[in-house]
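Working notes, structure below.
This one's a predicted model, so the numbers in the text were calculated from it and none came from an experiment.
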Amino acid sequence: QVQLVESGGGLVQPGGSRRLSCAASGSIFRIYAMGWYRQAPGKQRELVAAITSGDSTNYADSVKGRFTISRDNAKNTVYLQINSLKPEDTAVYYCNARVKLTIATPVYDYWGQGTQVTVSS
């Protein structure tokens, strides 16, 4: 099985920054795309940013220019640098990875447990 463990969340003032990390572990043959999603209270989970194994990225319009996604393939880790935080960025941030367990298995989606980011003064 595969585990995704996020870290880096917390309370931050408006305009502040955080760096979220998500490390994948387990029996992994290959990780394809990785991404960050978020879910605010009463809202649906939404894609924040994603990165392919070739380092192509895409972002939600609401975070373009403020958030940066990156990955370290040697560490099976994806990062999300979040800057210029706004109260509306408050949410639980979830890591996602598309993983192939062996050369013969399909690609499966795995999720982390989430890390809370609260933007408040």
*Val99 and Leu47: same hydrophobic cluster, using ILVMFWY side-chain contacts below 4.5 Å?*
no
*asked:* One pair to check against side-chain contact (heavy atoms from CB on, under 4.5 Å): Ser120 and Leu11. What are the steps and the verdict?
replied: CA-CA 7 Å; Ser120 175; Leu11 175 64; 4.1 Å; yes
_Single hit among Trp111, Tyr108, Tyr110 for side chain to side chain contact (heavy atoms under 4.5 Å, CB included) with Val2_ = Tyr110
_Between Ser56 and Thr52 (side chain of the first, backbone of the second, donor and acceptor by atom type, cut-off under 3.5 Å), is there such a pair?_
no
*asked:* Hydrophobic clustering (ILVMFWY, side-chain heavy atoms < 4.5 Å, transitive) - are Ile51 and Tyr94 grouped together?
replied: no
Residues 13-21 side chain polar contacts: donor-acceptor under 3.5 Å, at least two apart:
from	atom 1	to	atom 2	distance (Å)
Ser17	OG	Asn83	OD1	2.9
Arg18	NE	Gly8	O	3.0
Arg18	NH2	Gly8	O	3.1
Arg18	NH2	Gly9	O	2.7

*Measure across Val92 and Gly114 and return the closest heavy-atom pair with its distance rounded to 0.1 Å.*
CG1-CA, 3.8 Å
_salt bridge (charged side-chain N to carboxylate O under 4.0 Å, His left out): pairs with one or both residues in residues 64-90, sequence neighbours excluded_ = Arg38-Asp89, Asp61-Lys64, Arg66-Asp89
*So which heavy atom on Tyr93 is nearest to which on Glu6, and how close?*
O-OE2, 3.8 Å
*asked:* Side chains of Gln116 and Thr90, heavy atoms from C-beta outward: is any pair under 4.5 Å?
replied: yes
*Arg30 and Ser53: CA distance, side-chain angles, deciding distance, side-chain contact (heavy atoms from CB on, under 4.5 Å) verdict*: CA-CA 9 Å; Arg30 184 174 178 181; Ser53 56; 3.7 Å; yes
*Is the distance between the ring centroids of Trp36 and Phe67 under 6.0 Å?*
no
_Nearest-0.5 Å distance, OG of residue Ser25 to CD of residue Gln1_ = 11.0 Å
*Per the side chain to side chain contact (heavy atoms under 4.5 Å, CB included) rule, which among Thr68, Val63, Val48 passes with Leu80?*
Val48
_Is there a side-chain contact between Met34 and Arg98 in this structure, where contact means two heavy atoms from C-beta onward sitting under 4.5 Å apart?_
no
*Nearest atoms (heavy-atom pairs only) where Ala24 meets Leu4*: CB-CD2, 3.3 Å
*asked:* Would you compute the distance between atom OH of Tyr32 and atom NZ of Lys100 and round it to the nearest 0.5 angstrom?
replied: 5.0 Å
*Which of these, Val78, Asn76, Thr115, Asn96, sits in a side chain to side chain contact (heavy atoms under 4.5 Å, CB included) with Cys22?*
Val78
*Is the count of non-hydrogen atoms from other residues, nucleotides or ligands lying under 6.0 Å from Gln39 atom CD greater than 12?*
yes
*Any donor-acceptor pair under 3.5 Å from Tyr59 side chain to Gly65 backbone*: no
